[in-house]
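As a basis for the values below, the full set of heavy atoms in this structure was taken, side chains included, without hydrogen atoms, waters or symmetry mates. The chains referred to below are lettered A, B, ... by the order of the sequence lines, with proteins before strands, and numbering in each begins at 1. It should be emphasised that the depicted structure is a prediction, and the values quoted were computed from it without experimental measurement.
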Amino acid sequence: MDWFSDSDDSTAGFATTLTEWYEHHKRDLPWRHTQNPYFIWLSEVILQQTRVVQGRPYYERFVAAYPSVQAMANADERDLLRLWQGLGYYSRARNMHKTAQYVAGDLAGRFPETFLDLLKLPGVGAYTAAAIASFAFQEKVAVVDGNVYRVLARVFGIEEDITTTGAKKTFSVLANQLIQMSDNPATYNQAIMEFGAIQCTPVSPDCLLCPLQQRCQAYLTGRQRMLPVKSKKTAVRERYFNYIVIRQGDRIALKERTQKDIWQHLYDFCLIETEEPLEAFRELPEGKTLNWVLQEGILKGLSDERTQVLSHQKIRARFWLVEVPEGRKVVLPDGLIFCKPSETERLPKPILVVDYLKSLRF
DNA sequence: AATCCGGGGGG
DNA sequence: CCCCCAGGATT
């Protein structure tokens, strides 16, 4: 399909209009004051599937903690994950560390400078490679993110399902045709994303004050709400987490999550997952060592159900607080280790666990 | 091509 | 309740 067929003039102004809009409406964001690829890369990884307001404070903390790619390469991965705590999609932090070590160790601290070379970095896909290539190195390659899908789908009236491979190709080709009309690819890329985030929002876009109103197919046909087309709804699976919080004195037993599951390499408590909710302490399945802990321990509390919703799962968790008398020699089940409060604080944990620990102090 | 991977905020 | 966010890796 040729999106330019009827009028070259109307689309020629697209990049210009967006760029002008951007100069008047852009937010003042810290990563917009640098062309250093390290900071650009850091901001883009943080902002993957993450709103600016949520990611920004993390960006500030990462810049302060790791002012250079060498500093990040030398960091302990656990500390990186701890700083990432609460952002989600934790493999991003681990891929970020791998890339930092590769750039610092094998490339003498110099980031790759082209889209194709950037694409080879762990955790850097088509979007992030385009962002770095254009923002840091002025390469004329279009970013295609959720904002771009929405803006292009509406302005050009594209009804392809954005979850399909064919549509991704369509949008990428169009976006790269459009960026050719701009003499400043970095600003243009920023502009179209900012426009999607502020003006052409998913629900109730501000069409009445939109500079593209009269050439927006969605507006002209009243289909803003229908575009972009996105078919697949994620199925959410329910899971029941029964946490045994073993405490002796001020120490609590924690365990690294190493299995192929959510929250990989984060720390939580002794976990017994069941197909159905458990209502009573005695219903817990018995493991040999755990059984001993439960026999010798004293049940100090059972929390109400807490839920944590993930993109594909809904976790329903209850916490059994079990106190083991001090001075008692305890053999903890599989992989659990007693941690002092300062150690516990230092380890990366799911928000579900962080919130429970906060409640324990009161 | 499908599925998985977090957490939060807005309507 | 629903949507989706400056996506990427794995299967």
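- Going from atom NZ of A/Lys120 over to atom P of C/dG8 covers 17 Å, rounded to whole Å.
- A straight line from CZ of A/Arg82 to P of B/dG6 spans 17 Å, rounded to a whole angstrom.
- Between A/Leu121 and A/Pro228, the residue whose closest nucleotide on DNA chain C is further toward the 5' end is A/Pro228.
- Of the listed residues (A/Tyr38, A/Trp41, A/Trp84, A/Trp31), just one forms a ring pair (Phe, Tyr, Trp, His ring centres under 6.0 Å) with A/Phe62, and that residue is A/Trp84.
- Put simply, CG on A/Leu271 and NZ on A/Lys255 are 8.0 Å apart, with the number rounded to the nearest 0.5 Å.
- One C1' atom belongs to C/dC4, the other to B/dG6, and the distance between them is 13 Å to the nearest Å.
- Residues of residues 49-58 of chain A that place a heavy atom closer than 4.0 Å to DNA chain C, in numerical order, are A/Gln49, A/Thr50, A/Arg51, A/Val52.
- Remark: A/Arg306 CZ to A/Leu352 CG distance equals 7.5 Å, nearest 0.5 Å.
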Under the 3.5 Å Watson-Crick or G-U criterion, the dot-bracket string of DNA chain B, with | for inter-strand pairs: |||||.|||||

What do the steps show when you test A/Phe195 against A/Leu212 for side chain to side chain contact (heavy atoms under 4.5 Å, CB included), and what is the final call? CA-CA 11 Å; A/Phe195 184 78; A/Leu212 293 173; 4.0 Å; yes

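- Looking at the side chain of A/Gln313, the nearest of the listed nucleotides C/dA6, B/dC5, C/dA9 is B/dC5.
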Full working for side chain to side chain contact (heavy atoms under 4.5 Å, CB included) between A/Glu44 and A/Tyr127: CA-CA 9 Å; A/Glu44 292 303 337; A/Tyr127 164 75; 2.6 Å; yes

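- Here A/Lys233 lies in heavy-atom contact (under 4.0 Å) with sugar-phosphate atoms only.
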Assess the residue pair A/Gln48 and A/Arg92 against the criterion (side-chain hydrogen bond (donor to acceptor under 3.5 Å, both in side chains)); give the C-alpha distance rounded to whole Å, side-chain angles, the decisive distance to 0.1 Å, and a yes or no. CA-CA 9 Å; A/Gln48 286 166 9; A/Arg92 285 186 292 170; 4.8 Å; no

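- Side-chain atoms of A/Tyr58 come within 3.5 Å of backbone atoms of A/Gln85 as a donor-acceptor pair (strictly under, hydrogens ignored).
- Remark: C1' of C/dC3 and CE of A/Met226 are 15 Å apart, rounded to the nearest angstrom.
- Taking OH of A/Tyr267 as the start and OG1 of A/Thr344 as the end, the distance is 11.0 Å to the nearest 0.5 Å.
- The residue A/Arg150 sits close only to the backbone: its heavy atoms come under 4.0 Å of sugar-phosphate atoms, none of a base.
- Here A/Trp31 lies in heavy-atom contact (under 4.0 Å) with a base.
- C/dA6 and B/dG11 have their P atoms separated by 14 Å, with the value rounded to a whole Å.
- In this entry the distance linking CG of A/Leu47 with P of C/dA6 reads 8 Å, nearest Å.
- A straight line from CZ of A/Phe241 to P of B/dG6 spans 11 Å, rounded to a whole angstrom.
- Rounding to the nearest 0.5 Å gives a distance of 10.5 Å between NZ of A/Lys26 and NE2 of A/His24.
- Using a cutoff of 4.0 Å between basic side-chain nitrogens and carboxylate oxygens, A/Asp261 and A/Arg239 are scored as salt-bridged.
- Using a 4.0 Å heavy-atom cutoff across all strands shown, A/Leu87 reaches at least one base atom of the nucleic acid.
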List the steps, then state whether side chain to side chain contact (heavy atoms under 4.5 Å, CB included) holds for A/Ser172 with A/Asn176. CA-CA 6 Å; A/Ser172 174; A/Asn176 279 290; 3.5 Å; yes

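- The environment of A/Asp106 atom CG is dense: over 12 non-hydrogen atoms of other residues, nucleotides or ligands sit within 6.0 angstrom.
- A salt bridge between A/Arg247 and A/Glu323 is present, with a side-chain N of the basic residue lying under 4.0 Å from a carboxylate O of the acidic one.
- Distance A/Lys26 NZ to C/dA6 C1': 16 Å, rounded to the nearest Å.
- Listed in residue order, the members of residues 132-145 of chain A having a heavy atom less than 4.0 Å from DNA chain C are A/Asp145.
- Applying a 4.0 Å cut-off to non-hydrogen atoms, none of the residues of residues 189-198 of chain A approaches DNA chain B.
- Remark on DNA chain C: of its neighbouring residues A/Arg92 and A/Pro202, the 5'-side contact belongs to A/Pro202, judged by nearest-heavy-atom nucleotide.
- Residue A/Tyr102 qualifies as open at atom OH: its count of foreign heavy atoms under 6.0 Å is 12 or below.
- A/Thr128 comes within 4.0 angstrom of sugar-phosphate atoms only, judged by non-hydrogen atoms across all strands, and of no base.
- Atom CH2 of A/Trp21 sits about 5.5 Å away from atom CD of A/Glu194, to the nearest 0.5 Å.
- Residues from residues 254-268 of chain A lying near DNA chain B, meaning a heavy-atom separation below 4.0 Å, are A/Asp261, A/Ile262, A/Trp263 in numerical order.
- Residue A/Ala235 is out of contact with every strand shown, counting any heavy-atom pair closer than 4.0 Å.
- Computed from coordinates, the A/Arg94 CZ to B/dC4 C1' distance equals 16 Å when rounded to whole Å.
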Candidate pair A/Arg27 and A/Ile198, rule side chain to side chain contact (heavy atoms under 4.5 Å, CB included), full reasoning: CA-CA 10 Å; A/Arg27 293 165 288 183; A/Ile198 292 177; 3.8 Å; yes

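- When each of A/Ser91 and A/Lys232 is assigned the nucleotide of DNA chain B bearing its nearest heavy atom, the one mapping closer to the 5' terminus is A/Lys232.
- Evaluation of the salt bridge (charged side-chain N to carboxylate O under 4.0 Å, His left out) rule for A/Glu275 yields no partner, not counting sequence neighbours.
- Using a cut-off of 4.0 Å between Lys/Arg side-chain N and Asp/Glu carboxylate O, A/Lys120 and A/Asp117 are scored as salt-bridged.
- OP1 or OP2 of B/dG7 lies within a sub-4.0 Å distance of a side-chain N or O belonging to A/Tyr90.
- Atoms CG (A/Leu352) and P (B/dG8) sit 11 Å apart, rounded to a whole Å.
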